[in-house]
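First up is the structure itself, then whatever we jot down about it.
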2 protein chains.
Amino acid sequence: MSLETASTEFLNVDNVRFAFRCLGPTSGKPLLLLQHFTGTMDSWDPAMVNALAQTRPVIVFDNLGVGASTGRTPDTVEQMAADAEAFIRGLGLARVDLLGFSLGGMLAQVLAAQQPDLIARIIIAGAAPRGGEEHLLAVVEDAFAQDAPDVRLPLFFTPSGASQLAGRAFVARAAARTRDRDPDGGGDVSEPQAKAIIGWCAQKRDGDATLRSIGQPALIVHGSDDTMFPSINAYNMFKAMRNAELILYPDSGHGALFQYPERFVAHCHTFLDN
Amino acid sequence: MSLETASTEFLNVDNVRFAFRCLGPTSGKPLLLLQHFTGTMDSWDPAMVNALAQTRPVIVFDNLGVGASTGRTPDTVEQMAADAEAFIRGLGLARVDLLGFSLGGMLAQVLAAQQPDLIARIIIAGAAPRGGEEHLLAVVEDAFAQDAPDVRLPLFFTPSGASQLAGRAFVARAAARTRDRDPDGGGDVSEPQAKAIIGWCAQKRDGDATLRSIGQPALIVHGSDDTMFPSINAYNMFKAMRNAELILYPDSGHGALFQYPERFVAHCHTFLDN
């Protein structure tokens, strides 16, 4: 079973329906993936997800209002984290690891800080801390203005030949699923999510309090030239946390984890298994 | 064969005698280790060296004037790098990877920049760039004043219980070899080496030129709370290099690689094999 072929399942919690897919072994502590701005289950890199699922259960899902899930997309990171928690508890899971990319990495920080019993370890890729530096709207506007074959090429990868080549390979991998793909969202998703990200980064006062309260092991992964959330965010997060490891990749942008999927998965396994 | 049991071999180059030991497979690209301030072959962590040597040839050696090698310890990083190059070429090696710790990481930068054909990949642990921030003399003086069972406990590890526990385990591992140990050096080694380190970090003007000229893949590994060379050095090196990966470990000092030998070796293999 792979990300491209796994059936979409559904879970009802409090009058809303969460869409999700399960991959990998049926026993063991699951790794739950938290998705980026406007992304659905089908926005993940199958190379990354399938390799992670070779040795551990991996769960991808759509948060409220996104993709094949019902409900309304909230406009705060905190409410999105509460919705993700409701999904985890609704599945009957007592303890999970989290991999959050971008907006998902912000949810991972809130969940780890608030739920030390539920959340064992977190991987934060391409994210910013509360009060961090973000250039979301400018970077998205600039990316759409480039009229690229896929907006993720300028959004997630650097202009270098190597990064763009890796980007095109990623875009092709992410398009492999043809049956039962998640519907893409419109302004009902992007507007509240953008408000949530911008609001999170606008909380400049005592922004490190959340990070300082996280005692679980954390792995922070970031690209050298992330234009949306500059890499100094990742360094500052590392310095504010007491049990974090930091990994920065060369010649890479916001989508560093999709540029180097083998390396990223090896780093995730080393982190989660030790 | 292990670091604790391997016979010391000797190589004569230009009227000086280099002491070295070879571990691991006899074929494949060797990984040459470049040692820290006042360290000998027996200052390496056997857990780290032996695990690295499970899948690749590993060579440890004493540079001129150090341990069981003859000659006079030079007082510049550049001359030490030239001596290391003479040793590599004297062995008849056409291409090697380097792992340099602390002072050794400075040699690795010079060698990679000057010898792109000879040096394939470099791992720089606990080092500083040319013009970097160093607190060598203050940190060494403070460490000796603590009257610890082994001066490397305050020098290489943080005051936390977990770090000190890992430090005592490292000190015990490094003491395992009893027969044919390298002699420790005195002021003939420490004085020129200290001068070399301080001189390297005093070169503030255009210090990044060496880093910018390195095109080979580089892995930079550093402790979160290195008091000798603060971790911002590692971040700045990463930002100045075009093909570097940065990994920072939690709750760790100058000897981060010896605090987490399994994790460090896994990261080295991931880096060297991809």
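All chains are named by letter (A, B, ...) in the order of the sequence lines, taking the proteins before the strands, and each is independently numbered beginning at 1. Computed from heavy atoms alone, side chains included, the values below leave out hydrogens, waters and symmetry copies.
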Taking every non-hydrogen atom, the tightest pair across A/Ala244 and B/Pro250: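 Scanning both residues completely, I find the closest heavy atoms to be O-CB, 3.1 Å.
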Heavy-atom pairs under 4.5 Å with chain A, option from B/Ile232, B/Asp225, B/Leu248 with the top count: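 So the answer, after comparing B/Ile232, B/Asp225, B/Leu248, is B/Leu248.
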Max heavy-atom pair count under 4.5 Å with chain A, selected residue of B/Glu262, B/Met241, B/Lys239: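 Top count of heavy-atom pairs under 4.5 Å with chain A: B/Lys239.
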Using non-hydrogen atoms and a 4.5 Å limit, figure out which bit of [X] sits close to chain B: side chain, backbone, both or neither.
X        : answer
A/Tyr249 : both
A/Ser160 : neither
A/Ile220 : neither
A/Thr270 : side chain

Rounded distance (nearest 0.5 Å) linking atom [atom1] of [X] with atom [atom2] of [Y]:
X        : Y        : atom1 : atom2 : value
A/Asn274 : B/Tyr260 : CG    : OH    : 11.0 Å
B/Phe238 : A/Ser231 : CZ    : OG    : 6.0 Å
B/His267 : A/Arg263 : NE2   : CZ    : 11.5 Å
A/Leu246 : B/Ile247 : CG    : CD1   : 9.0 Å

